[in-house]
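Working notes, structure below.
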Amino acid sequence: MEKAGAPHFPFPYQPYPIQEQFMQALYGALEHGKVGIFESPTGTGKSLSLICGALSWLRDHEEKRRQEADRLLQGDGGTSLSISSSLSTTTSSTPPSSFAEPDWITDFVQKKAERDFVSKLKDEELRRKKRVEHLEMIRNNSQLKYALKRKSCEDDEAVKLLQLSKDPQEEELNNPEEELIVAEYESDDESKTKNKFCGGDDDDEDDLVEEHVTKIYYCSRTHSQLAQFVHEVQKSPFSQDISLVPLGSRQNMCVNEEVRRLGSVQRINDRCMEMQKNKHDQRPKEVEGGKRKRSVSKAVCPYVGAQGLQTLRDAVLGAVRDIEQLLSLARETRSCPYYATRLAIPPAQLVVLPYQTVLHEGTRRASGVQLKGQVLIIDEAHNLSDVLSCIHSSELTGAQLCRAHSQLAQYSERYRSRLKAKNLMYIKQILFVVEGLVRVLGGMVGQNPHSQTTQPATELLTINNFLFKAQIDNINLFKVQRYFEKSMISRKLCGFIEKFAGTGVTSHTQTSHTQTQSANKENRRTEGLNRYLQTLQSSQQPDTESPPGQQGAAEDRELAASPMMQVEGFFMALTNTNTDGRVVLHTLGSVAVSSMKFLLLNPAVHFTQVLKDCRAVIIAGGTMQPVSDFKQELLFSAGVGAERIIEFSCGHVIPPENILPIVLCSGPSGQELEFTFQNRDTPRMMEETGRVLSNLCNVVPGGVVCFFPSYDYSRRILEHWEASGVLARLSSKKKIFQEPKKANQVEKVLNEFSRTIQRCAVDGGTLSGALLFSVVGGKMSEGINFSDDLGSLTLVGGVQARL
């Protein structure tokens, strides 16, 4: 038996003393339900210490619970009796009463509580044994992979047969608009709302979803950091015993190429949900005479079969995989990893997920993440306040507001006879609020926002003053927000715009819509398309005409889809309390480019529920200074007492003599390197920086990582180097890589960067390695392990050092 207070930490090698101290402090924080602030510099093995310390506690915690349950079930009823007795005493003494209960009633209640307690323990133990047996069967079943491949072949043949038998004209003959109509809505009666929308759904989900076991949620900022953490788990002693589930967005986890080609997050989400709805709606309908009418053929996703999801879920729980490995398995088995991983959350012991999924309440609820009584580890948390502020802040432009008002008005006009009274009432309220927001920017709805001029100005308002100025303080935004959530009007409007774009539905003014209705069908289609293209051109977004499958077309997504999603987010932001945020009005030359932005001033208000629900919260980072400000801003403001907070900080494991930090004050030609804002953009300063980097790349083998202070400065200096020939000189010694704009491309760039360095070390050609340009605070500046030859030299350029 291990001594109490001296837990054993399995480790892949002999840990450093600071790693042992880290794990001891982490174990104690988890055991006593603390909020821990852990500071460990990059390169000290923080990830591995988190893994071994937290999973050791989880192992011991489960073992203690199992031993306690066994002891109570094996006949040592003293503890059980005392527990049930104390419970019955508490419940009976709570309500005031003038007379004592008879002894036989007290004895009956006490024994019943004891029986219920023992029965609950038996049920929990039975479920635990079933989970363990199921996981062992998955891990030891050598026939599973062959069954998956056989199923994949059968599904391929079925999909081909379905495609061959599909009638190409069927969708044109049957073009229903029923899916675009908002369902009947009743929200004024709060109890009816809960019963209709919350109670019933929760009951159904409780029947389908199994109980959550004690687990650890680990979150970090980027997918590359999460992938690196999973790789550390694979190298740890717990890799064969832990059930790990990686979570990600549809954009990162979708394996349906037809949906992935859509590019933008919003379109991928909408298309996925539409396919799921089509799957459930494909049922034969009864018509007159008792005959069945064949349902309309709609596109469904071939990757979401129940059997395939269950099989992939078991495979996820059976072995530790990162997202890339999971996607490969999902393509082989023709199953959806997005939904399979969510099915695997309840029995999982370790769930790896990005910041947004756990810190945003709506996303957390939609993903099936339950924090009650669980452990949350937030890594790279030095920017946690900024992340919370960014997630819950919102910005709208005048062009977006005018588009949203025009589109919703046309939607309401088209389906007026088919919408219920409650829906029409709430749609009118939304239109009224949007009209008030446009009025605050100095414009009017129904007119082209680009032709409406405004006086340049910036104004900072409290939430209440902003509502008064917009004259919308009489609208209950909480009820409007609830209507957005339950009716899904934003998604309905997106489908409406995509379906009827170019057929008379316009982006801004309704006058063009009225005129086109009087024309014949062909002219209406042509005129609507022309006006829509004119709108795209007038918004001065050059990338909007790129093909749908081309990535990076963020402007195309903003204009082609409905901006009602952004409007909904702004409405939600306005429901914060008056002291927790401010609204910035920024008017420029026209209403279209004018904007309003909600700034969250108190990020603790959205972190409070997380701290209350979790058993323990570990906030870790390379540097958490200043800790006092961090505690005041996020913890004390959220109601956490000082007695619940513990701190741990350690130095670096690398001795000072193994590190060579150098500050360059001048370049090879003697030019002083003064990177002030006024001097850093001058040609002589950029050329001198290029000469410094070129000389370093000539003598340093392997990988060189160069960080610039901003994306804008990185773009300018690289353009100058390309024109002056500096990049050509650098590329003769190192293969050049740049930090990608898309987060899902980071892993690909890092893998190619690593392979190039390894290949150059073996081949010994003219190239001595690779050069990576990145940005301070960017996607590659935190949580990336440039180990060994990958980071022979790290250079930070363009920053004015204060010595």
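E722 CD: 12 or fewer foreign heavy atoms inside a 6.0 Å radius.
Under the 3.5 Å distance criterion, the side-chain polar atoms of T341 are matched with a main-chain donor or acceptor of Y338. Between the side chain of R331 and the main chain of V255, no donor-acceptor pair closer than 3.5 Å is present. Between the side chain of S714 and the main chain of S710, no donor-acceptor pair closer than 3.5 Å is present. Put simply, the side chain of W721 never gets that close to the backbone of A728: no donor and acceptor are under 3.5 Å apart. The backbone N or O of P456 sits nowhere less than 3.5 Å from a side-chain atom of T587 that would complete a donor-acceptor pair. With T357 contributing its side chain and L353 its backbone, the two residues share no donor-acceptor pair below 3.5 Å. Using modelled atom types, one side-chain atom of T454 and one backbone atom of L588 make a donor-acceptor pair closer than 3.5 Å. Side chain of S328 to backbone of E324: a donor-acceptor contact under 3.5 angstrom is found.
E739 and Y711 share a side-chain donor-acceptor pair at under 3.5 Å. Of the N and O atoms on the side chains of N252 and S249, at least one donor lies less than 3.5 Å from an acceptor on the other residue. With 3.5 Å as the limit, one finds no donor-acceptor pair spanning the side chains of H586 and S595.
Across all non-hydrogen atoms, the minimal contact from S47 to E232 is CB-CG, 4.2 Å. When all heavy atoms of T623 and H382 are compared, the pair lying nearest together is O-CB, 3.2 Å. Across every non-hydrogen atom of L327 and P337, the tightest pair is CD2-CG, 3.7 Å. Of all non-hydrogen atoms in P668 and V692, the two that sit nearest each other are CD-CG2, 3.6 Å. Among all heavy-atom pairs drawn from R321 and Q325, the shortest one is CA-OE1, 3.3 Å.
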* To do: Assess whether side chain to side chain contact (heavy atoms under 4.5 Å, CB included) is satisfied between N751 and K748, documenting all intermediate values.
  => CA-CA 5 Å; N751 290 336; K748 179 181 178 182; 5.7 Å; no
* Given side chain to side chain contact (heavy atoms under 4.5 Å, CB included), test E39 with C650 step by step and report yes or no. => CA-CA 7 Å; E39 186 178 34; C650 63; over 6 Å; no
* Go through L795 and F707 one step at a time and tell me if the side chain to side chain contact (heavy atoms under 4.5 Å, CB included) criterion holds. => CA-CA 6 Å; L795 179 70; F707 291 96; over 6 Å; no
* Walk me through it: do R759 and D763 pass the test side chain to side chain contact (heavy atoms under 4.5 Å, CB included)? => CA-CA 6 Å; R759 189 165 54 247; D763 296 344; 3.1 Å; yes
* To do: Under the ring pair (Phe, Tyr, Trp, His ring centres under 6.0 Å) rule, what do F708 and F773 come out as? Steps first, then yes or no, please.
  => CA-CA 8 Å; F708 293 112; F773 291 113; 5.7 Å; yes
* Apply ring pair (Phe, Tyr, Trp, His ring centres under 6.0 Å) to the pair H392 and H360, showing each step before the final yes or no. => CA-CA 8 Å; H392 296 94; H360 189 271; 5.4 Å; yes
* To do: Begin with the C-alpha distance, continue with both residues' side-chain angles, and end with the deciding distance and a verdict on salt bridge (charged side-chain N to carboxylate O under 4.0 Å, His left out) for R680 and E674.
  => CA-CA 7 Å; R680 68 180 186 179; E674 186 181 0; over 6 Å; no
* To do: Go through the steps to decide whether R261 and E257 satisfy the test salt bridge (charged side-chain N to carboxylate O under 4.0 Å, His left out), and finish with yes or no.
  => CA-CA 6 Å; R261 288 193 212 102; E257 293 301 326; 5.6 Å; no
* Asked: Should D379 and K46 be marked as a salt bridge (charged side-chain N to carboxylate O under 4.0 Å, His left out) after you check the CA-CA gap, both sets of side-chain angles, and the distance that decides it?
  -> CA-CA 9 Å; D379 202 0; K46 170 167 59 70; 2.7 Å; yes
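Going from atom CD1 of I37 over to atom CD of Q625 covers 9.5 Å, rounded to the nearest 0.5 Å. Atom-to-atom distance recorded for I391:CD1 and L600:CG is 10.5 Å, nearest 0.5 angstrom. Atom OG in S694 sits 13.0 Å away from atom CD in E687 (nearest 0.5 Å). Atoms CZ and OG, from F229 and S220 in turn, are 9.5 Å apart once rounded to the nearest 0.5 Å. Here T756 contributes atom OG1 and I736 contributes atom CD1; the two are 12.0 Å apart, rounded to the nearest 0.5 Å. To the nearest 0.5 Å, atoms CG (L727) and NE2 (H720) are separated by 10.5 Å.
Each of T682, L693, L673 was evaluated against E688; a single residue qualifies, L673, per the side chain to side chain contact (heavy atoms under 4.5 Å, CB included) test. If you run side chain to side chain donor-acceptor pair (under 3.5 Å) between S768 and each of K734, K733, K735, only K734 comes through. For the side chain to side chain donor-acceptor pair (under 3.5 Å) with D322, the lone residue among Q234, H231, Q228 that qualifies is H231.
No side-chain heavy atom of T397 sits under 4.5 Å from any side-chain heavy atom of V593. Residues L772 and C706 are not in side-chain contact: their nearest non-hydrogen atoms beyond the backbone lie 4.5 Å or more apart. Considering only heavy atoms from C-beta on, F630 comes within 4.5 Å of I619 through its side chain.
Remark: aromatic rings of F570 and F598 are distant, center separation not under 6.0 Å.
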